[in-house]
Amino acid sequence: MSKKLVLIDGNSIAYRAFFALPLLNNEKGIHTNAVYGFTMMLMKILEEEKPTHILVAFDAGKTTFRHKTFSEYKGGRQKTPPELSEQFPFIRELLTAYGIAQYELENYEADDIIGTLSLLAEKEGFDTKVISGDKDLTQLSSDKTIVNITRKGITDIEEYTPDHIKEKYGLTPIQIIDMKGLMGDASDNIPGVPGVGEKTAIKLLKEYGSLEKLMESLDQVSGKKLKDKLVEFKDQAIMSKELATINRQAPIVIELSELEYEGAENEKLVKMFKELGFNSLLDKLDTDVTETIELEDMKYKQIDTVDQDIFAKENGFYVEILEDNYHYADIVGFAIVNETGHYYLPVKTALASEAFKKWAEDESSQKIVYDAKRSEVSLRHHGIHLKGAEFDVALASYILNPSESPDDLAAIARQHGFLIVQSDEAVFGKGAKRKIPEETKLAEHLVRKADVLVALKEKLEQDLWDNDQHDLFSSLEMPLSLVLADMEYQGVKLDTVRLENMGEEIKSRLAEIETKIFELAGEQFNINSPKQLGVILFEKLGLPVAKKTKTGFSTSADVLEKLASKHKIIEEILNYRQLGKLQSTYIEGLQKIVNKETNKVHTRFNQALTATGRLSSTDPNLQNIPIRLEEGRKIRQAFVPSEKDWVIFAADYSQIELRVLAHIAGDEKLIDAFRNDMDIHTKTAMEVFHVGKEEVTSNMRRHAKAVNFGIVYGISDYGLSQSLNISRKEAGEFIERYLESYPGVKEYMDEIVKDAKAKGYVQTLLHRRRYIPEITARNFNLRSFAERTAMNTPIQGSAADIIKKAMIDMAERLREEGLKTRLLLQVHDELIFEAPQNEIERLKKIVPEVMENAIDLKVPLKVDFSYGPTWYDAK
DNA sequence: AACCACACGC
DNA sequence: GACGTACGTGTGGTTA
């Protein structure tokens, strides 16, 4: 068996983890982010690399042999933050529990230990993997040694093989040292040659091979300035190279055989993880350890005849369905836990029982559930209308922290310290192996879940009160789940004949385009393969390469559009892509999921997913049906009312996010613009370009629109530059001018960032929260991203609050007025209904009225609507 | 099965 | 001195 050695640069990884993750605390107030990140990284490495041998190297003292060469080495470095220093003992302890060797050596750095051991390992025929956050280590890369450098965070890595280095820099691994010698390294305070950066260094090395050879042939170097610098700083360059060179002959006493990895001591790890509060990592450990020690016997009663005695005023009620998609899925079992006891109800018993149905439909009997909508919809398929589901643990958890994404009840329970439930994956298995276990195992699992629901409710409800979010939960999200359940259950009717015809037409057009493309390319290939397409375009046809992805040439639409004038094939490919997308995602996609008997599609709205509070839609996603291009928009002709002589009625908020911004920021100009119902993009163009209304050109309006878009979505200057195809500098200037134009907005942006820093979170008009720990990050990008998030979330999130409120109000109004009209879909700022012809006149009044009055802002909300025989016509 | 590149909506 | 840049869903290709 081949031998595999993993060498980890301990200090570097700890640093990376510390700066990449927010400052987590465990219960005792000890900082744990670096330990957590380190652990995640270790778990990943152990799983992916399956090393036979492993070692973590640490830097020893402050000074090393390099300081003799250059006393300023690593000078000017900020000292290690105490929040990080205090975590090193835990990392050491963690490694001990993992049974992983650690090593440090007086006068040497971790680099040198790794360099020495990897050389030894090469001689002994090991395959070696080096893990670090420091690119210097790439000089160790060889055909036996691969160097992984963390890119962002701790788990995203870049793999440096000699080939990759060649591709990236055009250099051999050894030449990396020469490069450092020439360009220096600010972080280690290695001076290099002033004025020589990466580009110049690479150029010189490609020409002369090494620093020494370069110095021998200095007279041949082109460029007087460069030559002078090289002459002047020759000695400094040579010293820099020496500093950057990893010592591969360090006096190490440990032997490779001592590094053998024999596996972790799971019990120690479990104990440590618990102390550190790493509950989410616990179940990644060997499952028997965590679960056998955690779970004591759960006493429950299996119910074969339902009688009144098993119900109470407040009940934990768990409805189990194994499939992801709960429409038409089989219910697997039920559990009820209340003051009278713990009960497991087999499906057959429950569904055949009148008493059970009566209880489920009894509003006054309160149920604490996990995923109310899921439970409601699946019960409705059995003729049961679930009522009294007043506390949904999944929704409560989401409201408390929308950025967490627990994937089952056990995960939520664990977050709150309840370790009495196993994960669904552990009980049911995953992927192809997912199945219903034997009944006693199933029963116990379900009863545990119902049990923990009751415990969680108490905890979560208190947290909601503490955060002033109880109203958001009980008056918005809970009632909304009922509205959404109705929408999903109702479904949307498709004209499948129409869909089929469109599919036929597209199919023949695709075939034509394909023929043309093959002719133009001079050969046949898979147009859908970016890899093959790249070879054709950029190698065979020799088109200029504008952008590369990490796997090869980029062939994305924005790249291709720039090549359109260079070759006729481009236009055809763009066409092919467009039609192919319609065919595969929309025509075939919808056909795959439509109910063959009713011709309806039943999407699922995920109410507990996005960090901003928006909904999402899956199977099918009905929130991304084409509209921008006419070709695709026609897909909407296949969305029709489910009853004869009904119509589709669509109503959308006009500029809801910018109106929300006007309100939150209290910007007078923006408020004024909306009160006067101005075209906001034209208005913005007038302000940003300092022109009158008449002088606004379409291009100015387009730019202004993109800036408004950027504000709403929190994009960066880079993002804006991409969407407008302008330089980043220009984009930055646009944003600046925008903020000058609307000083109230500028003030809001500054305040909200400050506020987020102080509180650690931002919130929406209806108290939806989003925590933004990265706001204090030292890493510029991480922090910038966090700042944009802080600015954007209250805007987008409040808009989401408002439309959710409108949905609830709308459902209530339709009920009150006894209308047959049904709400079918929500697409972030619009609501889509199906309605009988004879209700249209009333809807024209009611819908805008309800939507516009969902909330009271400093500016009016404006709703546009339209209707027609298909969704397409409702435009 | 997991990952990527790409494309659709807001 | 570089980082890598609204979000979410689904598809086909590729690789493991």
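The figures here come from the full heavy-atom set of this structure, side chains too, leaving out hydrogens, waters and symmetry mates. All chains are named by letter (A, B, ...) in the order of the sequence lines, taking the proteins before the strands, and each is independently numbered beginning at 1.
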Scan [X] against the nucleic acid and name what it touches under 4.0 Å (heavy atoms): base, sugar-phosphate only, or nothing.
{"X": "T612(A)", "value": "nothing"}
{"X": "N526(A)", "value": "sugar-phosphate"}
{"X": "D619(A)", "value": "sugar-phosphate"}
{"X": "E830(A)", "value": "sugar-phosphate"}
{"X": "S784(A)", "value": "nothing"}
{"X": "K550(A)", "value": "sugar-phosphate"}
{"X": "T789(A)", "value": "nothing"}
{"X": "I627(A)", "value": "sugar-phosphate"}

Give a yes/no on whether any side-chain N or O of [X] is located under 4.0 angstrom from OP1 or OP2 of [N].
{"X": "K531(A)", "N": "dT15(C)", "value": "yes"}
{"X": "S529(A)", "N": "dT14(C)", "value": "yes"}
{"X": "Q532(A)", "N": "dT14(C)", "value": "yes"}
{"X": "R577(A)", "N": "dA7(B)", "value": "yes"}
{"X": "T618(A)", "N": "dT9(C)", "value": "no"}
{"X": "S716(A)", "N": "dA6(C)", "value": "yes"}
{"X": "T585(A)", "N": "dT9(C)", "value": "no"}

Separation of [X] atom [atom1] from [N] atom [atom2], in whole Å?
{"X": "N792(A)", "N": "dT5(C)", "atom1": "CG", "atom2": "P", "result": "16 Å"}
{"X": "D136(A)", "N": "dA2(C)", "atom1": "CG", "atom2": "P", "result": "15 Å"}
{"X": "R628(A)", "N": "dG9(B)", "atom1": "CZ", "atom2": "P", "result": "5 Å"}
{"X": "L782(A)", "N": "dC3(C)", "atom1": "CG", "atom2": "P", "result": "15 Å"}

### Task
Classify the angle between the aromatic ring planes of F639(A) and W871(A) as parallel (below 30°), tilted (30 to 60°) or perpendicular (above 60°).
perpendicular
### Gap in Å between the two P atoms, one belonging to dC10(B) and one to dT5(C), rounded
24 Å
### Query
With rounding to whole Å, what would you report as the distance between dC3(C) and dC8(B) at their C1' atoms?
29 Å
### Message
Contact list please: residues 718-730 of chain A against DNA chain C, heavy atoms, distance less than 4.0 Å, in numerical order.
### Response
Y718(A), R728(A)
### Query
Does DNA chain C take part in any stems of at least 3 consecutive Watson-Crick or G-U pairs (both distances under 3.5 Å), and if so, which ones?
B:1-9 with C:7-15
